[in-house]
Amino acid sequence: MDEYALISIIMPSYNCAYFIGETIDSILAQTYQNWELLITDDCSTDNSKDIINEYTQQDPRIKLFTLSENSGAGIARNNSIKEAKGRFIAFCDSDDRWMPEKLEKQISFMERENISFSSTSYITCDEENRITGIVITPKIITFKDMCSDDRMGFLTCIYDANKLGKIYLPALRKRQDWALKIKILQKCKIAKGLVETLGIYRLRSNSLSNNKKALIKYNIAVYREVLEYSNLRAWLKFIFDFMPHYLIKRIRTKIANG
């Protein structure tokens with residue numbers, strides 16, 4: 001594996017002016033410098049694009065694309081993946097951040113373990129940057145594991161497009177990041193987690209995890225549209241497999257964070 005290969009960082013943007021400067025700064029601070037940051041703006045109505053354009057003028061590795069109509073984060077990410085030229089595809093949302101050695105350590109880990117898909121542990125914070133907890137990635141994640149529960153923080157995920165080809169997100173308004181991980185694991189069968197905390201995930205008051213009805217709706221959609229389950233099978237999977245794993249994960253996270 002070429003440990004100095006180009007990494008394409010995929011970032012959707014929508015009304016993120018308050019946070020995106022910090023996010024881009026965390027990418028500029030990476031010790032691994034062979035990257036391109038591909039930001040697709042989803043018709044922001046604030047000054048997000050103005051802020052991004054300031055960065056594009058300072059560093060040619062940062063590129064901005066704009067959708068013609070508001071289409072959701074999945075479509076925005078797919079547009080960036082389409083434009084990607086790197087061997088590795090990494091994901092970072094416009095309100096999250098990375099530790100400076102994130103790319104360097106994770107690519108070295110993937111080379112050492114000879115794997116095509118990986119994640120790391122990460123810290124959580126609130127909208128005021130107060131640390132709220134830590135999420136430890138499993139060391140091994142299988143396709144079956146991922147179908148039962150999303151076990152990889154999307155801001156930490158990297159896959160090898162040379163080995164797997166470019167893999168795009170399905171056309172779902174929400175939970176398409178989890179669906180993408182399922183699609184990747186359908187190909188590579190196994191992912192590995194680097195336990196070190198190398199990302200900071202921002203918990204937002206309007207996030208899906210705070211909307212339980214939406215959680216049910218979009219989880220069922222993943223089972224039906226990505227795994228092609230019948231409606232009955234999708235509901236059975238959600239009730240008797242996803243929910244027990246989800247609740248156990250929540251309990252373990254609470255215990256781990258005191």
Side-chain angles (χ1 to χ4, degrees), residues 1 3 7-11 19 22-32 35 37 77 88-160 175 177-182 184-185 188-204 207-210 242 245-258:
M1 183 183 288
E3 64 177 320
I7 302 173
S8 296
I9 303 164
I10 308 303
M11 182 180 296
F19 300 114
E22 285 183 87
T23 301
I24 297 174
D25 286 341
S26 79
I27 291 170
L28 288 168
Q30 290 298 301
T31 55
Y32 189 109
W35 51 259
L37 173 57
R77 291 184 181 115
F88 296 98
I89 306 293
F91 298 91
C92 186
D93 282 355
S94 55
D95 54 358
D96 297 330
R97 285 165 288 160
W98 287 347
M99 305 305 186
E101 295 184 332
K102 195 264 189 191
L103 292 178
E104 180 181 354
K105 289 186 174 181
Q106 194 167 356
I107 294 301
S108 294
F109 172 73
M110 293 178 73
E111 179 184 35
R112 187 168 64 248
E113 297 292 328
N114 191 27
I115 52 172
S116 54
F117 189 28
S118 73
S119 63
T120 79
S121 300
Y122 59 94
I123 293 167
T124 60
C125 75
D126 63 17
E127 292 175 313
E128 303 303 322
N129 284 331
R130 293 182 291 256
I131 300 301
T132 58
I134 184 171
V135 178
I136 305 298
T137 185
K139 292 182 178 181
I140 302 289
I141 308 101
T142 66
F143 171 70
K144 182 180 178 181
D145 292 335
M146 189 58 66
C147 291
S148 298
D149 181 33
D150 187 353
R151 303 182 182 208
M152 303 168 75
F154 201 44
L155 78 158
T156 74
C157 287
I158 297 178
Y159 75 83
D160 186 338
R175 297 295 273 159
D177 53 347
W178 176 43
L180 177 65
K181 297 168 208 172
I182 291 173
I184 295 172
L185 281 163
C188 66
K189 308 305 179 187
I190 191 170
K192 290 190 177 182
L194 176 59
V195 175
E196 187 172 352
T197 52
L198 295 175
I200 304 174
Y201 174 76
R202 193 181 304 276
L203 296 166
R204 305 284 294 276
S207 68
L208 176 64
S209 59
N210 291 325
F242 176 88
H245 283 94
Y246 173 78
L247 293 172
I248 290 169
K249 181 175 71 174
R250 291 290 298 269
I251 292 169
R252 285 176 175 169
T253 299
K254 284 185 178 180
I255 292 172
N257 290 291

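This is a predicted model, so every value here is computed, not measured.
Legend: residues meeting side chain to side chain contact (heavy atoms under 4.5 Å, CB included) with P100, ordered by chain and number and at least two apart, are absent. Considering only residues two or more places apart in sequence or on other chains, I134 meets the side chain to side chain contact (heavy atoms under 4.5 Å, CB included) condition with I136, T197, N257. For S119, the side-chain hydrogen bond (donor to acceptor under 3.5 Å, both in side chains) partners are T137, not counting sequence neighbours. In this structure, T253 has no side-chain hydrogen bond (donor to acceptor under 3.5 Å, both in side chains) partners at least two apart in sequence or on a different chain. Listed by chain and residue number, Y223, F242 satisfy the ring-ring contact (aromatic ring centres under 6.0 Å, His included) test with W178 (two or more places apart in sequence, or in another chain). With sequence neighbours left out, I131 forms a side chain to side chain contact (heavy atoms under 4.5 Å, CB included) with I123, C125. Applying the side chain to side chain contact (heavy atoms under 4.5 Å, CB included) test to S118 and every residue at least two apart in sequence or in another chain returns Q106, F109, M110, I115, I158. Residues satisfying the salt bridge (Lys or Arg N to Asp or Glu O under 4.0 Å) test with D93, not counting sequence neighbours, are R77. Residues passing the side-chain hydrogen bond (donor to acceptor under 3.5 Å, both in side chains) test with D177, sequence neighbours excluded: none.
With contacts defined as side-chain heavy-atom distances shorter than 4.5 Å, the pair N129/E22 qualifies. At a threshold of 4.5 Å between non-hydrogen side-chain atoms, the residues S94 and F19 do not count as touching. Between I200 and M99, some side-chain heavy-atom pair lies under the 4.5 Å cut-off. Y201 has its side chain out of reach of V135: every pair of non-hydrogen atoms, C-beta onward, lies at least 4.5 Å apart. Inter-residue side-chain proximity for K102 and Q30 is flagged as met; some heavy-atom pair is nearer than 4.5 Å. The shortest side-chain heavy-atom distance between Y32 and K105 does not fall under the 4.5 Å cut-off.
Residue pairs meeting the salt bridge (charged side-chain N to carboxylate O under 4.0 Å, His left out) criterion with at least one partner in residues 134-146, sequence neighbours excluded, are D145-R151. Among residue pairs with one or both ends in residues 130-160, those qualifying as ring pair (Phe, Tyr, Trp, His ring centres under 6.0 Å) are F91-F154; sequence neighbours excluded. Applying the salt bridge (charged side-chain N to carboxylate O under 4.0 Å, His left out) test to every pair with at least one member in residues 129-138, sequence neighbours left out, gives these pairs: D126-R130.
Contact between C92 and T23 at its shortest, heavy atoms only, is SG-CG2, 3.8 Å.
W98 places no side-chain N or O within 3.5 Å of a backbone atom of A29 that could act as its donor or acceptor partner. Remark: side-chain polar atoms of K181 are paired, donor with acceptor, to backbone N or O of M152 under 3.5 angstrom. Side chain of D96 to main chain of R202: a donor-acceptor pair is present (N/O by atom type, distance under 3.5 Å, no hydrogens or angles).
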Open item on the list: Quick one, T124 with T132, criterion side-chain hydrogen bond (donor to acceptor under 3.5 Å, both in side chains). Give me CA distance, side-chain angles, the key distance, then yes/no.
Closed with: CA-CA 5 Å; T124 60; T132 58; 2.7 Å; yes
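Atom CD1 of I141 sits about 6.0 Å away from atom CE of M146, to the nearest 0.5 Å. Expressed to the nearest 0.5 Å, how far CE of M11 lies from CG of D95 amounts to 9.0 Å.
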